[in-house]
Amino acid sequence: MSSLKRITYSRIIHLSHVIDPDIPQWPGDPQVEFTSVAQLPDDGYYLRRVSLGEHSATHINAPNSFYQAGIGIDQYPAQSLVVPAVVIDIHAAAAVNADYRLTVDDVLAWEVQHGEIPLGHLVLLHTGWQNKWSDKNAFLNQDARGIMHFPGFGSDATQFLLDERQIAGVGIDTHGVDSGQDTSFATNRLVLAQQGIVLENLTNLHQLPAKGSTLAIAILRLRGGSGSPVGVLAFVP
């Protein structure tokens with residue numbers, strides 16, 4: 001018999017960006033397009049067609065985006081999408097080094113202050129990159145060779161969190177949980193191999209406490225989807 005769970009909160013915060021055609025896009029991804037299908041004066045109602053990639057805006061990645069036999073986003077159980085979260089703040093380090101990667105020492109230092117990360121929590125990384133969202137060039141931060149530079153999770157830290165803390169997944173306010181120059185997508189692969197949660201392009205992480213929040217992740221149940229834009233709400237105690 002499952003135990004009754006309650007979410008106690010004092011406020012609710014949007015962790016998803018507003019979607020429009022000018023948002024920063026991963027190189028090669030389809031552009032966001034809005035097309036009017038019906039107009040109030042002519043049709044009596046207003047309706048648009050929306051076109052965007054599965055990994056556009058604030059989004060979740062599915063295992064089949066990296067593993068041939070991985071499940072699609074439509075197969076994530078409902079209970080896996082309501083999850084408690086902790087926030088690790090590395091924005092000061094990221095301001096000095098755009099390529100900064102979370103380390104095991106960073107995790108242990110956080111735990112000295114806040115206690116051990118509990119089983120089944122989502123680990124959110126606040127890098128400060130959400131403040132660059134309105135400037136595509138600054139957000140992707142590509143050099144002359146086209147290599148992106150933004151902070152992320154180090155693979156050692158991710159492995160530690162999965163093995164030693166048994167986390168539910170990871171999230172970040174940049175365009176990737178892996179740092180911009182990591183073309184192996186190590187953290188994505190590690191987390192998605194366990195059918196965990198990977199959230200990217202989050203915002204408002206600075207409004208969350210270090211621990212105590214619960215996230216509700218509203219996916220689009222795209223059949224076989226490699227991911228989905230998401231509305232993420234944080235219930236803050």
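Because the structure is predicted, anything quoted here is derived from the model rather than measured.
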Would you indicate whether the side-chain heavy atoms of Gln195 and Ile71 approach each other to under 4.5 Å?
-> yes

Separation of Thr158 OG1 from Arg189 CZ (nearest 0.5 Å) | 13.5 Å

Looking at side-chain heavy atoms only, is the closest gap between Asp89 and Trp110 below 4.5 Å?
-> no

Output the distance between atom CD (Gln207) and atom NE2 (His126), rounded to the nearest 0.5 Å.
-> 10.0 Å

Between the side chain of Glu200 and the main-chain N/O of Val177, is any donor-acceptor distance below 3.5 Å?
-> yes

At their closest point, which heavy atom of Leu202 faces which heavy atom of Leu124, and how far apart are they?
-> CD1-CD2, 3.9 Å

Nearest 0.5 Å, what's the CG-CD1 distance between Asn201 and Ile60?
-> 13.0 Å

Not counting sequence neighbours, list each pair that qualifies as a salt bridge (charged side-chain N to carboxylate O under 4.0 Å, His left out) and has a residue in residues 100-115.
-> Glu111-Arg165

Nearest 0.5 Å please: distance from the CD atom of Gln159 over to the CD atom of Glu164.
-> 9.5 Å

Compile the donor-acceptor pairs under 3.5 Å between side chains in residues 149-156 and protein atoms, sequence neighbours left out, one pair per line.
residue: His149; atom: ND1; partner: Asp99; partner atom: OD1; Å: 2.8
residue: His149; atom: ND1; partner: Asp99; partner atom: OD2; Å: 3.2
residue: His149; atom: NE2; partner: Asp143; partner atom: OD2; Å: 2.9

Can you name the nearest heavy-atom pair linking Ala57 to Trp133, along with the distance?
-> CA-CH2, 4.2 Å

List for me each residue that meets side-chain contact (heavy atoms from CB on, under 4.5 Å) alongside Ser65, sequence neighbours excluded, and say none if there are none.
-> His55, Asn61, Leu192, Ser226

Over all atoms of both residues, closest heavy-atom pair of Pro209 and Val236 | CD-CG1, 3.6 Å

Donor-acceptor pair, side chain of Thr58 and main chain of Ser16, under 3.5 angstrom | no

Looking at side-chain heavy atoms only, is the closest gap between Ile172 and Thr127 below 4.5 Å?
-> yes

Which value, rounded to the nearest 0.5 Å, describes the distance between Gln142 atom CD and Lys136 atom NZ?
-> 12.0 Å

Where the side chain of Gln166 meets the backbone of Leu119, is there a donor-acceptor pair that is under 3.5 Å apart?
-> no

Co-members of Phe235 in a cluster of I, L, V, M, F, W and Y side chains, linked at under 4.5 Å = Ile7, Tyr9, Ile12, Val82, Leu233

Does any non-hydrogen side-chain atom of His206 lie less than 4.5 Å from one of His91?
-> no

Does the Asp178 side chain pair with the main chain of Asn188, one donor and one acceptor, at a distance under 3.5 Å?
-> yes

Got Asp173 and Leu125 here, is their nearest side-chain heavy-atom distance under 4.5 Å?
-> no

Residue pair Ser56 / Gln25: nearest heavy atoms and the distance that separates them | OG-OE1, 3.3 Å

Without swapping roles, check the side chain of Thr174 against the backbone of Gly176 for a donor-acceptor pair under 3.5 Å.
-> yes

Around atom NE2 of His14, are there more than 12 heavy atoms of other residues, nucleotides or ligands at under 6.0 Å?
-> no

Are Glu54 and His59 side-chain neighbours, meaning at least one heavy-atom pair lies under 4.5 Å?
-> no

Kindly work out whether a path of hydrophobic side-chain contacts (I/L/V/M/F/W/Y, heavy atoms less than 4.5 Å apart) joins Ile147 to Trp26.
-> no

With a 4.5 Å limit on heavy-atom distance, are the side chains of Leu208 and Leu15 in contact?
-> yes

Go through Ile90 and Tyr100 one step at a time and tell me if the side-chain contact (heavy atoms from CB on, under 4.5 Å) criterion holds.
-> CA-CA 9 Å; Ile90 62 163; Tyr100 191 83; 3.9 Å; yes

Compare every heavy atom of Asn64 with every heavy atom of Gly224, then report the nearest pair and how far apart it is.
-> O-ND2, 3.0 Å

Should Ile219 and Leu81 count as side-chain neighbours, where that means a heavy-atom distance under 4.5 Å?
-> yes

Heavy-atom closest pair (Ile167 atom, His121 atom, distance to 0.1 Å) is CB-O, 3.2 Å

Which side-chain N or O atoms in residues 30-52 pair as donor and acceptor under 3.5 Å with protein atoms at least two apart or in another chain?
residue: Ser36; atom: OG; partner: Gln39; partner atom: NE2; Å: 3.2
residue: Asp43; atom: OD2; partner: Gln39; partner atom: N; Å: 2.8

Got a sec, which pairs hit ring pair (Phe, Tyr, Trp, His ring centres under 6.0 Å) with one end in residues 66-85, sequence neighbours left out?
-> Phe66-Phe185

To the nearest 0.5 angstrom, please state how far the CD1 atom of Ile217 sits from the CD1 atom of Ile197.
-> 4.5 Å

